[in-house]
Every structure is written in C-alpha cells, then in structure tokens.
Amino acid sequence: MTLEDRFKQFFGSLPGIEPIDTLFPAGSFPNKRRADYLLAQRSIVIELKTLKNDTSAKVEKELTRHRNRSDFPLIYGSVEVSKVLRHLPDGEQINQKIYQDIARSVEDAVRSAETQITDTEEILSLTGNVGLLVLLNENIDVLSPHVVVRRTSELLCRRRTDNSVSWGHIL
C-alpha cells in the first residue's frame, strides 16, 4: 500500500469524517473543485495532496548551466549542493533558483488546495470553518520536510493582490 492509501484508510476509520465525494454525484458542480473530507461537524475542510513529481533533475539542470564557469569548483565524488554554491559569488541566487524550481510541485499543491477548500466552502455554504491541507511525500528526497514546510509557509503567509493573507483558509 502506498502512503496515500494508508492515510486514506486511516482517515476513513476516524469518527466524524465525511468523505466529500460521497456527498455529491460526480459532475454536481461542474465549475467547482471539491476538497476531500469534512471533519468536526463540517468545521474543518480537509484537502489531501500527495507530492508525486521528483524534481531532483532540476538541481542538476541548474548546476549544469554553471559548470563551465572558471569559478565553478572541481568536484570529485559527491558533495552537497550548498558546499558547491558557497564558492560562487552568485551562489545564493543560484540556490534560490534551485529552491524555487524544486518546490514548484509544493506550490501547485498549495494553490490547488486553496481553490478546493474555498470552492467546498461555497458549495456547502460553510462559515467559520478552517481549511486543513495534508501534504504527503512518500519518496521524493529532494523535497525534504524542511523544503516542504518552508515553501508551504511562504505561500500561506503571502499577501494576495487584494491585500488579504492566504492563511485565512488553510492551516
């Protein structure tokens, strides 16, 4: 069983969980996306996301762009990317680019969850509830817990164009 399968099995066994897919027939709300679960008398809307795209190739792709530079260190064997970038004058900018590239799937998951939770609130006319995003990562090593938490936190605390803060919908 995958981590996602085990999580769904666990969640399905909890008292008070309502799987949203069982509440409405498919196609009931064609322009709306629904979250996965309701909990605590519908005061919590839960969206489950599993990170599936291994973005580790993006690290090598970015480093390859800089390998022919005269200030790029010679590497024998394996070494941490941070140690390589520490020797470059623009190493911090390169590191930020790598971070943004590898964390794109986290960003996609958070943005999608925001939409699904908001749409579910509208469909069910919920007020005063909170959204909960559950992010699962079974085997994508480059997306360490530190990277996932950092990127998720940045996204949830960002200011939107209407000057609201995203974390109003998701915890």
Side-chain angles (χ1 to χ4, degrees), residues 1-62 81 95-171:
M1 284 179 79
T2 66
L3 177 62
E4 183 175 340
D5 292 335
R6 292 191 314 266
F7 188 86
K8 286 179 178 179
Q9 185 178 39
F10 162 71
F11 240 48
S13 71
L14 295 176
I17 287 283
E18 290 181 78
I20 293 175
D21 286 342
T22 63
L23 299 177
F24 307 102
S28 297
F29 299 93
N31 296 324
K32 300 286 184 185
R33 298 182 62 214
R34 299 179 302 213
D36 293 310
Y37 301 97
L38 297 168
L39 178 62
Q41 299 173 339
R42 299 187 175 185
S43 63
I44 302 172
V45 180
I46 302 168
E47 175 56 24
L48 173 64
K49 295 288 184 193
T50 301
L51 300 173
K52 295 180 180 178
N53 297 327
D54 187 354
T55 56
S56 59
K58 293 180 178 186
V59 176
E60 187 59 35
K61 182 180 176 183
E62 184 61 27
V81 173
N95 190 51
Q96 189 61 30
K97 168 86 169 85
I98 290 171
Y99 167 72
Q100 292 294 327
D101 288 348
I102 66 170
R104 178 73 56 182
S105 60
V106 174
E107 181 175 342
D108 293 343
V110 170
R111 290 180 191 278
S112 177
E114 286 177 324
T115 299
Q116 289 172 269
I117 289 170
T118 301
D119 283 358
T120 300
E121 292 168 343
E122 289 176 18
I123 290 168
L124 297 172
S125 301
L126 300 174
T127 57
N129 60 292
V130 296
L132 175 65
L133 169 60
V134 177
L135 270 174
L136 301 177
N137 180 5
E138 186 165 14
N139 57 12
I140 302 174
D141 294 335
V142 72
L143 293 176
S144 68
H146 174 76
V147 170
V148 172
V149 168
R150 177 179 167 199
R151 188 64 186 134
T152 302
S153 177
E154 290 168 351
L155 291 164
L156 294 179
C157 294
R158 74 187 184 280
R159 290 261 174 216
R160 294 182 163 204
T161 53
D162 65 359
N163 213 26
S164 67
V165 180
S166 294
W167 53 262
H169 284 332
I170 297 179
L171 296 178

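Along the sequence shown, residues carry numbers from 1.
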d(N139 CG, D141 CG) to nearest 0.5 Å is 7.5 Å
Return the minimal non-hydrogen interatomic distance between L39 and P15, and the atom names on each side. CD1-O, 4.2 Å
For the side chain of S13 and the backbone of F10, is there at least one donor-acceptor N/O pair under 3.5 Å apart? yes
I'd like to know whether CG of D108 has more than 12 heavy-atom contacts from other residues, nucleotides or ligands below 6.0 angstrom. yes
Donor-acceptor pair, D36 side chain versus L48 backbone, under 3.5 Å? yes
Taking ring-ring contact (aromatic ring centres under 6.0 Å, His included) as the test, write out the residues that go with F7, two or more places apart. F11
Of all heavy-atom pairs between R111 and L155, which one has the smallest distance, and what is that distance? NH2-CD2, 4.0 Å
Give the minimum heavy-atom separation between V147 and V142, together with the two atoms involved. CG2-O, 4.0 Å
Between the side chain of Y37 and the main-chain N/O of I44, is any donor-acceptor distance below 3.5 Å? no
CD1-CD distance between I102 and E107, expressed to the nearest 0.5 angstrom: 13.0 Å
In chain order, what residues pass the side-chain contact (heavy atoms from CB on, under 4.5 Å) check against L124, with sequence neighbours excluded? F24, L38, R42, T120, L126
Output for pair (I46 CD1, N129 CG), nearest 0.5 Å, gives 11.0 Å
Which residues pass the side-chain contact (heavy atoms from CB on, under 4.5 Å) test with K49, sequence neighbours left out? R33, E47, A109, S112, A113, Q116, L133, L135
For L156 against V110, the heavy-atom pair lying closest together: CD2-CG1, 3.9 Å
Testing the basics here: between L51 and S105, what is the closest heavy-atom pair and its distance to 0.1 Å? CD2-O, 3.9 Å
Side-chain touch Y99/R150, heavy atoms, less than 4.5 angstrom: yes
What's the separation between atom CD in E154 and atom CZ in R151, rounded to the nearest 0.5 Å? 5.0 Å
In Å, rounded to the nearest 0.5 Å, how long is the span from CD of Q100 to CG of N95? 10.5 Å
Is there a side-chain contact between T55 and D101 in this structure, where contact means two heavy atoms from C-beta onward sitting under 4.5 Å apart? no
Taking the side chain as everything from C-beta on, heavy atoms only, tell me whether T50 gets closer than 4.5 Å to E138. no
What's the shortest heavy-atom distance between S43 and A40, and which atoms? OG-O, 2.7 Å
Roughly how far apart are E62 CD and I98 CD1, rounded to 0.5 Å? 5.5 Å
